[in-house]
Amino acid sequence: MSPPVGPFILSRAKPEDMLEMTKLQYACFPPFVRLNFMGCHSEAEIPKITETYIKAMSADPADIWIKVTDPETGKIIAGSDWKVYMSVPQLEAEHCPPWLEGKEAEQSKDFIKKMNEGRWKAMDGNPYIYLHICYTDDTYRRRGAGGMMLKWGCDLADQLSLPGYIEASPEGTHLYKAFGFYDAGKIEWEEDAVVMKRDPQSTEIRGGKPKPS
């Protein structure tokens, strides 16, 4: 008997999806993240960071955006950005939004520096997969969209035999632990972030045809 088919669809995001996805990201994240990592004082600045994401999709070979869609409404209900670092040197995953100025720019650069340095230290220059951004529409929480994205990323990591890395909010660690991530430190932000790593799980693909008799 075939397993039941879930109600949502996971697929790779395209540039034309990014404005809708960035609006959802803005709605999901607290003001601290909106300002320091998205450069958004308000929704009016969403197009700026959207354009940055679209450029990275083509300029950064490690960059992969994933979306989860509700086919009943056509609405994107969750999104995630994965960085697949197969070699070194690696491009920085985070940059201070260039339109921030003064103290805001300094604060953004300081937090981003902590993130980048902590990640480089933890991964020791080795290849890895990084869950850079992950969010789900509040009205769809606890319905499996986050798990779909985690399964996609962890399956890819296992196929490539790569470890995984994330910075998570304390309340998000339960989901990540269910997929094999474990605590590996902290980053001190306005609210502490938990650093988590995942070891690749061995995968075996068998195939071929029997030797002719």
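Keep in mind the model is a prediction, meaning the values are calculated, not measured. Residue numbers count from 1 along this sequence.
- D60 has no carboxylate O lying under 4.0 Å from a charged side-chain N of K55, or vice versa, which leaves the two without a salt bridge.
- Listed by chain and number, the residues in a side chain to side chain donor-acceptor pair (under 3.5 Å) with T52 amount to none (sequence neighbours excluded).
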Exercise for the section: Could you please spell out the steps behind the side chain to side chain contact (heavy atoms under 4.5 Å, CB included) verdict for T22 and M38? Expected result: CA-CA 9 Å; T22 308; M38 299 178 70; 3.9 Å; yes
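- Counting only heavy atoms from C-beta outward, the side chains of L100 and N36 never approach each other to under 4.5 Å.
- Between A13 and M57, the closest heavy-atom pair is O-CE, 3.4 Å.
- Heavy-atom contacts from other residues, nucleotides or ligands closer than 6.0 Å to CD of E16 number more than 12.
- A salt bridge is defined here as a Lys NZ or Arg NE, NH1 or NH2 lying under 4.0 Å from an Asp or Glu carboxylate O, and E167 with R119 meets this definition.
- Summarising the geometry of D183 relative to K177, their closest heavy-atom pair is OD1-CE, 3.7 Å, with the distance given to 0.1 Å.
- A donor-acceptor pair shorter than 3.5 Å can be found between the side chains of Y182 and D199.
- Looking at heavy atoms from C-beta onward, Q25 lies in side-chain contact with Y53 at the 4.5 angstrom threshold.
- Without hydrogens or angle criteria, W99 side chain to G39 main chain gives a donor-acceptor distance under 3.5 Å.
- In this structure the side chain of K83 never reaches within 4.5 angstrom of the side chain of Y128, judged on heavy atoms.
- With a 4.5 Å cut-off on side-chain heavy atoms, Y85 and I129 do not count as touching.
- For the atom pair CH2 (W82) and CD1 (I133), the distance works out to 12.5 Å, reported to the nearest 0.5 Å.
- Atom-to-atom distance recorded for R34:CZ and E43:CD is 7.5 Å, nearest 0.5 angstrom.
- Going from atom NZ of K67 over to atom OG of S80 covers 12.5 Å, rounded to the nearest 0.5 Å.
- Between the side chain of D81 and the backbone N or O of H132, no donor-acceptor pair lies under 3.5 Å.
- Side-chain contact between T136 and C28 is absent, with no heavy atoms from C-beta onward closer than 4.5 Å.
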Exercise for the section: Show the numbers, then the answer: is there a ring-ring contact (aromatic ring centres under 6.0 Å, His included) between Y165 and F181? Expected result: CA-CA 8 Å; Y165 181 94; F181 284 89; 9.0 Å; no
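- In the hydrophobic cluster analysis, where Ile, Leu, Val, Met, Phe, Trp and Tyr join through side-chain heavy atoms closer than 4.5 angstrom, I66 is grouped together with M86.
- Taking CG of L19 as the start and OG1 of T50 as the end, the distance is 5.0 Å to the nearest 0.5 Å.
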Handout entry: Test side chain to side chain contact (heavy atoms under 4.5 Å, CB included) applied to L131 and Y176, step by step
Key = CA-CA 11 Å; L131 178 51; Y176 301 129; 3.8 Å; yes
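- Between P163 and P127, the shortest heavy-atom distance links the atoms CD-O, 3.5 Å.
- For K75 and D70, the salt-bridge test fails: no basic side-chain N is under 4.0 Å from an acidic carboxylate O.
- Contact check for R198 versus C154: side-chain heavy atoms found under the 4.5 Å cut-off.
- L150 and I9 are assigned to two separate hydrophobic clusters, defined by single-linkage of ILVMFWY side chains at heavy-atom distances under 4.5 Å.
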Practice task
Take F32 and F111 through the ring-ring contact (aromatic ring centres under 6.0 Å, His included) test and state the conclusion after the steps.
Solution key: CA-CA 11 Å; F32 172 79; F111 285 113; 4.9 Å; yes
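- A donor-acceptor contact shorter than 3.5 Å is absent between the side chain of Y26 and the backbone of E45.
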Practice task
Before giving the answer on side chain to side chain contact (heavy atoms under 4.5 Å, CB included), spell out for D138 and Y140 the whole-Å C-alpha distance, their side-chain angles and the decisive distance to 0.1 Å.
Solution key: CA-CA 5 Å; D138 282 347; Y140 286 86; over 6 Å; no
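- The line from CD1 of I76 to NZ of K23 is 11.0 Å long, rounded to the nearest 0.5 Å.
- Scanning all heavy atoms of the two residues, the minimum distance from D63 to R12 falls at O-NH2, 3.6 Å.
- D137 has its side chain within reach of L24: a pair of non-hydrogen atoms, C-beta onward, lies under 4.5 Å apart.
- Rounding to the nearest 0.5 Å gives a distance of 12.0 Å between CD1 of I46 and CE of M18.
- In plain terms, the two heavy atoms of M123 and G164 that are nearest each other are CE-O, 4.5 Å.
- Of the possible polar contacts, none joining the S108 side chain to the E104 backbone as a donor-acceptor pair under 3.5 Å is found.
- Looking at K113 and D110, no side-chain N of the basic residue comes within less than 4.0 Å of a carboxylate O on the acidic one, giving no salt bridge.
- The two residues A78 and M149 have their closest heavy-atom pair at CB-CE, 3.6 Å.
- Contact of the M196 side chain with the T173 side chain is registered, since non-hydrogen atoms from C-beta on lie closer than 4.5 Å.
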